[in-house]
Trainee: 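Right, I'll just put the structure down here and ask away after.
What you see below is based on every heavy atom in this structure, not just the backbone, and it leaves out hydrogens, waters and symmetry mates. Lettering of chains follows the sequences in order, A, B, ..., and the numbering in each one begins at 1.
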There are 2 protein chains.
Amino acid sequence: MKHSDTKTQILDVAQDLIQRRGVNGMSFKDISETIGIRRASIHHHFETKEKLLEALMTRYSQEYGSAIEDIVASSASAKNKLTRYMKLFLKTAEADPPEKACMCGMLAAEIASIGEQAARLVVDYSESSVQQIARILDQGKKNGEFQFNGDINVMARMIFSFLEGGLIFVRANGQKQQFKAMTKQVFKLIEA
Amino acid sequence: MKHSDTKTQILDVAQDLIQRRGVNGMSFKDISETIGIRRASIHHHFETKEKLLEALMTRYSQEYGSAIEDIVASSASAKNKLTRYMKLFLKTAEADPPEKACMCGMLAAEIASIGEQAARLVVDYSESSVQQIARILDQGKKNGEFQFNGDINVMARMIFSFLEGGLIFVRANGQKQQFKAMTKQVFKLIEA
DNA sequence: GTCTATAGCGCGATAGAC
DNA sequence: GTCTATCGCGCTATAGAC
């Protein structure tokens with residue numbers, strides 16, 4: 001079993017810190033102390049903090065983007081797909097130790113503090129997530145699983161917004177079981 | 001017409017900066033340069049940054065808390081109340097210049113970076129907001145305006161989460177008209 | 001690829017004059 | 001109540017040895 005290389009370790013620790021404290025609450029010093037190297041060594045792998053954020057968000061988009069694509073492209077029911085999609089968020093809410101929000105949500109909250117490139121990656125990822133949710137809703141509406149009034153895309157954006165905001169607030173108030181209750185409530189609103 | 005005093009100016013500028021950049025993206029230097037005084041003068045009014053955040057969140061709870069109470073306690077229809085409540089968020093989304101999210105949401109996102117006292121004020125305020133939304137939903141369900149499956153409190157928390165998350169993401173992607181569309185979608189889901 | 005050393009600035013905070 | 005001056009630390013970033 002090989003240990004992950006330094007570059008990967010840096011990305012892992014940076015992501016963890018951002019999910020807990022945010023971009024401006026995460027520093028090269030924090031990272032270096034956590035993985036036991038010097039700050040200068042981080043700069044060897046990532047020239048600037050801005051570049052680190054770009055690399056982080058790129059990896060994130062690929063990992064989660066393909067996980068979500070797998071879900072949407074599968075032959076399962078719409079309900080099963082939406083359940084699996086929301087389970088990705090549930091996993092973060094129920095992480096041990098908890099106190100983690102979605103990294104995309106944290107970067108979006110501090111969008112003014114990250115570079116243009118990283119900001120675009122955040123926007124692109126979130127817009128693509130909304131689209132994927134919309135596809136699931138569309139499938140469900142067409143095959144009769146789901147039934148609700150209003151526009152599918154608006155509804156998809158609402159679900160995404162609630163998932164992101166929900167994670168931030170259950171982390172703040174510590175009541176993570178509330179998050180699960182809300183994901184179940186989604187189905188009560190849209191199921192036929 | 002008297003100009004607002006320094007203490008109020010400091011709170012106003014601090015709140016504005018937090019809504020745009022977040023707690024860790026706001027500094028005494030930013031505040032001092034914006035209102036044209038020295039950093040030491042801010043410390044005269046607020047001993048520490050932590051105390052400033054407490055004062056800020058206390059004022060915020062009072063202002064918005066009483067505005068929300070007025071709405072909930074009025075004799076209007078549930079639909080009218082919920083519309084007025086959501087209009088408080090819409091006003092932030094459509095602020096000019098925009099790029100503002102809800103201060104409570106920004107503090108919640110960076111909850112690990114603020115003191116215990118300020119953190120509790122954030123949690124208390126958001127929980128009380130959820131309760132107020134629940135009261136509106138309860139009124140609407142009882143008098144037949146609203147009709148939806150599931151628990152009222154969970155539904156209230158979902159609406160609050162979506163409003164907070166929604167503000168963060170429409171600020172990031174610049175499409176504030178999407179926020180208004182989502183608030184309208186709420187009624188399509190719950191109206192009888 | 002990791003290190004030491006350092007530059008240069010921003011930060012929160014305090015002492016003390018006015 | 002505001003100022004100047006300063007402390008001490010954290011921050012991102014860079015140069016250059018090993």
Trainee: From CG of B/Leu17 over to P of C/dC11, roughly how many Å is that when rounded to an integer?
Mentor: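 Taking CG of B/Leu17 and P of C/dC11, I get 11 Å after rounding.
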Trainee: Rounded to whole angstroms, how far apart are NZ on A/Lys7 and P on C/dT2?
Mentor: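 In whole Å, C/dT2 P lies 11 Å from A/Lys7 NZ.
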Trainee: Taking side chain to side chain donor-acceptor pair (under 3.5 Å) as the cut-off, I'd like each qualifying pair that reaches into residues 34-46 of chain B, sequence neighbours left out, listed once.
Mentor: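 Every pair satisfying side chain to side chain donor-acceptor pair (under 3.5 Å) with a residue in residues 34-46 of chain B: there are none.
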Trainee: Would you say B/Glu164's side chain and A/Gly165's backbone share a donor-acceptor pair under 3.5 angstrom?
Mentor: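 Not at all, since once roles are kept as given, no pair shorter than 3.5 Å links the two residues.
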Trainee: Mind calculating the distance between CZ (A/Phe46) and P (D/dT14) to the nearest angstrom?
Mentor: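 Nearest whole value for this atom pair: 16 Å.
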Trainee: Applying salt bridge (charged side-chain N to carboxylate O under 4.0 Å, His left out), run through B/Asp12 and B/Lys7 and close with a yes or a no.
Mentor: CA-CA 9 Å; B/Asp12 290 344; B/Lys7 203 159 187 167; over 6 Å; no
Trainee: In degrees, rounded to 10°, what is the bend between the two ends of the helix from C/dG1-D/dC18 to C/dC18-D/dG1, using five pairs at each?
Mentor: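 Axis-to-axis angle, ends of the helix: 0°.
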Trainee: For DNA chain D, which residues of residues 29-43 of chain B approach it to below 4.0 angstrom with any heavy atom?
Mentor: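 Heavy-atom contacts with DNA chain D come from B/Ile37, B/Arg38, B/Ala40, B/Ser41.
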Trainee: Under 4.0 Å from OP1 or OP2 of C/dG12: is there any side-chain N or O of B/Thr48 that close?
Mentor: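 Result: no.
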Trainee: Which residues satisfy the side chain to side chain donor-acceptor pair (under 3.5 Å) test with A/Asp70, sequence neighbours excluded?
Mentor: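 Applying side chain to side chain donor-acceptor pair (under 3.5 Å) to A/Asp70 gives none.
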Trainee: Just so I know, are the side chains of A/Arg157 and A/Asp151 near enough to count as touching, which here means a heavy-atom distance under 4.5 Å?
Mentor: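 Side-chain contact under 4.5 Å: no.
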Trainee: Please list all pairs passing the side chain to side chain donor-acceptor pair (under 3.5 Å) test where one or both residues lie in residues 113-122 of chain B, with sequence neighbours left out.
Mentor: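 Non-adjacent pairs meeting side chain to side chain donor-acceptor pair (under 3.5 Å): B/Asn24-B/Ser113.
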Trainee: Would you list the atom pairs, donor with acceptor, under 3.5 Å between side chains in residues 61-69 of chain B and any protein atom, with sequence neighbours excluded?
Mentor:
from, atom 1, to, atom 2, distance (Å)
B/Ser61, OG, B/Met57, O, 3.0
B/Ser66, OG, B/Gln62, O, 3.3
B/Ser66, OG, B/Glu63, O, 3.3

Trainee: Partners of B/Ala181 by side-chain contact (heavy atoms from CB on, under 4.5 Å), sequence neighbours excluded?
Mentor: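 B/Ala181 satisfies side-chain contact (heavy atoms from CB on, under 4.5 Å) with A/Val154 once adjacent residues are dropped.
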Trainee: Atom NZ of B/Lys49 to atom C1' of C/dA13: distance rounded to whole Å?
Mentor: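 Answer to the nearest Å: 13 Å.
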Trainee: When you check the phosphate oxygens OP1 and OP2 of D/dT2, does a side-chain N or O of B/Thr6 lie under 4.0 Å from one of them?
Mentor: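 Answer yes for this pair, as a side-chain N or O of B/Thr6 is under 4.0 Å from OP1 or OP2.
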Trainee: Contact list please: residues 18-26 of chain B against DNA chain D, heavy atoms, distance less than 4.0 Å, in numerical order.
Mentor: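 Heavy-atom cutoff 4.0 Å gives no residues at all.
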Trainee: Please determine if a side-chain N or O atom of A/His44 lies less than 4.0 Å away from the OP1 or OP2 oxygen of C/dG1.
Mentor: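 Yes, A/His44 has a side-chain N/O under 4.0 Å of OP1/OP2 on C/dG1.
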Trainee: For B/Ile168 versus A/Gly105, what's the shortest heavy-atom pair and its separation?
Mentor: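 Closest heavy-atom pair between B/Ile168 and A/Gly105: CG2-O, 4.3 Å.
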Trainee: Anything under 3.5 Å between a donor and an acceptor, one on a side chain of residues 169-176 of chain A, the other on a protein residue two or more places apart or in another chain? List them.
Mentor:
from, atom 1, to, atom 2, distance (Å)
A/Arg171, NH1, A/Gln19, O, 2.7
A/Arg171, NH1, A/Arg20, O, 3.3
A/Arg171, NH2, B/Ala108, O, 3.2
A/Arg171, NH2, B/Ala109, O, 2.6
A/Asn173, OD1, A/Gln175, N, 2.8
A/Asn173, ND2, B/Glu127, OE2, 2.6

Trainee: Identify each donor-acceptor pair in which a side-chain atom of residues 184-192 of chain A lies under 3.5 Å from a protein atom, sequence neighbours left out, and give them as a table.
Mentor:
from, atom 1, to, atom 2, distance (Å)
A/Gln185, NE2, B/Asn149, O, 2.9
A/Glu191, OE2, A/Lys79, NZ, 3.4

Trainee: Contact between B/Leu56 and B/Leu107 at the side-chain level, heavy atoms closer than 4.5 Å - yes or no?
Mentor: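 A side-chain contact is absent here, since even the closest heavy-atom pair is not under 4.5 Å.
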Trainee: Is there a residue in residues 107-121 of chain B whose heavy atoms reach under 4.0 Å of DNA chain C, and which residues are they?
Mentor: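 Heavy-atom contacts with DNA chain C come from no residue of residues 107-121 of chain B; none.
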Trainee: Taking only residues two or more places apart in sequence or in another chain, which ones pass side-chain contact (heavy atoms from CB on, under 4.5 Å) with B/Ala76?
Mentor: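 Result, side-chain contact (heavy atoms from CB on, under 4.5 Å) vs B/Ala76: B/Ser74, B/Asn80, B/Lys81, B/Arg84.
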